[in-house]
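Notes to accompany the following structure.
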Amino acid sequence: MKLRPYQEELVRKIKLSMVRGHRHIVAVLGCGGGKSVIQAAIAKSATDKGNRVLFLVHRRELCDQIERTFTTMGVNMALCQIGMVQTVTRRIAKIPEPAVILQDEAHHALSRTYRRIYDAFCGAYLLGFTATPQRMNEGGLGDVFDDLIESVSTEWLIQNHYLSPYEYYGVTLADTKGLHTRHGDYVKEELAELMEQHVIYGDTVKNWKRYADGKQTIVYCASIAASKETAAAFRSIGVQAVHLDGATPKRERERAVQAFRDGTIRVICNVDLFGEGFDVPDCEAVVLLRPTKSLTLHIQQSMRSMRFKPGKTAIILDHVGNYLRHGLPDDKREWTLKTKKRKTKNEIRVRTCPNCYAVLRATATKCPQCGAELKQAQTEQDQKVKDMLLQKISRQPYDSYHKCQTWDQLELFRKAKKYKFAWSLHKAVELQIPIPSKYMYMLYRMGMRA
Ligand SMILES: [Zn+2]
């Protein structure tokens, strides 16, 4: 296994940061960027020099997987320990002091169990990896890390064929308004109730038939009951579907995953099973039925279908409006170690095609999926200018509407003066200002035009 050029570049940057005196470094790499080979390369160069490495993971399933990669990459496993966070915390006194701690899924780094380990080995370098370097509640990771290094973006990975391109459809079936938040995400019980009581499973299947028919699909659900019902709805139309959750016996789970790989099972419905890094089989489509406030979770779930395969276009079917909260998987995001005061940093700029529900960038003028022409979206900038004009007009004694030259100006003037809508129509006719065609019928109704 050889590193890709951008992966080598990231390793180089991390080493440079260490040379410059940073001890706790977090590296940001998009999902699918190949974190584990980079981690292996770093572990190898440490063990080659006789240094000890401690690799922290937070799910048991990941240990075997990482050990395989590390062995293949030539890491001296006599000097490298891969451990679950909980286990390591319990045995901390018996573990020889490492020179380097590698931390997978570093967005968890602020939790107490992790910090206990860092504190115990305060002489070690700490190198964290994540696609989303922030806490659930938008907090930065600056309490633990002193340098943040970014690698290539998700957009770049798609353009350079390391990830598959995708189509994202937003057909909202559940309204999350009114749900409460606990520990940074929606309250589980409320979510379960919403998804079990108000979502019609048949609609999920219908939309899947429309957008992702026949594709190997993973469905993310909010509760076990909802997941079972969804799987049943798929089976009722003859699609091979299973439900899996954390309590499914390992053997059964492995059998299902193998059948999914072989294509005898088409759809896997699950609850938080493939959350972080679990070795999920390749899939072509994901269905999002679990509303989340966590950007990390949103990215992990929606990008699960994007592992590269020549000719593949991943389908993301979002029924719960996660794109409205977090945007598209490859949106440009600005990361910082600081805690954000306001949430305005990474603004969501998406729009939905009224014809086919494809989720597109706000700047799109034509839907690439169905070809529909889209009206120019009102950008935030336009709105700001309008708001400013409105304020300006309302503050000054603006007594002459004769200065208005366009319909928009007339409307702003009218709103500032709190006149009725008909006023604008009258004045537009008087000043010979073109009126938007959608209001023409009103003119006729008012008998103002022959
Ligand atoms: Zn469209």
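Whatever order the structure lists ligands and atoms in, that order sets their numbers, starting from 1. Counting from 1, the numbers follow the sequence of the chain as shown. Predicted, not measured: the structure shown is a model, and the values here were computed from it.
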Does the side chain of S424 come under 3.5 Å of the side chain of R414 through a donor N or O and an acceptor N or O? yes
Selection residues 192-205 - residue pairs positive for salt bridge (charged side-chain N to carboxylate O under 4.0 Å, His left out), sequence neighbours left out: D203-K206
Please list every donor-acceptor pair under 3.5 Å in which a side-chain atom of residues 229-237 meets a protein atom from a residue at least two apart or in another chain.
unit_1 : atom_1 : unit_2 : atom_2 : d
T230   : OG1    : A226   : O      : 2.6
R235   : NH1    : A241   : O      : 2.7
S236   : OG     : A233   : O      : 2.7

For residues 308-315, which side-chain donor-acceptor pairs fall under 3.5 Å, sequence neighbours excluded?
unit_1 : atom_1 : unit_2 : atom_2 : d
K312   : NZ     : C283   : O      : 3.0
K312   : NZ     : S305   : O      : 3.0
K312   : NZ     : R307   : O      : 2.8

Show all protein N/O/S atoms under 2.8 Å from the Zn ion (ligand 1), or state that there are none. C353 SG, C356 SG, C367 SG, C370 SG
In this structure, CG of L288 is separated from OG1 of T204 (nearest 0.5 Å) by 11.0 Å
How about I316 and Y169: do any of their side-chain heavy atoms sit closer than 4.5 Å? no
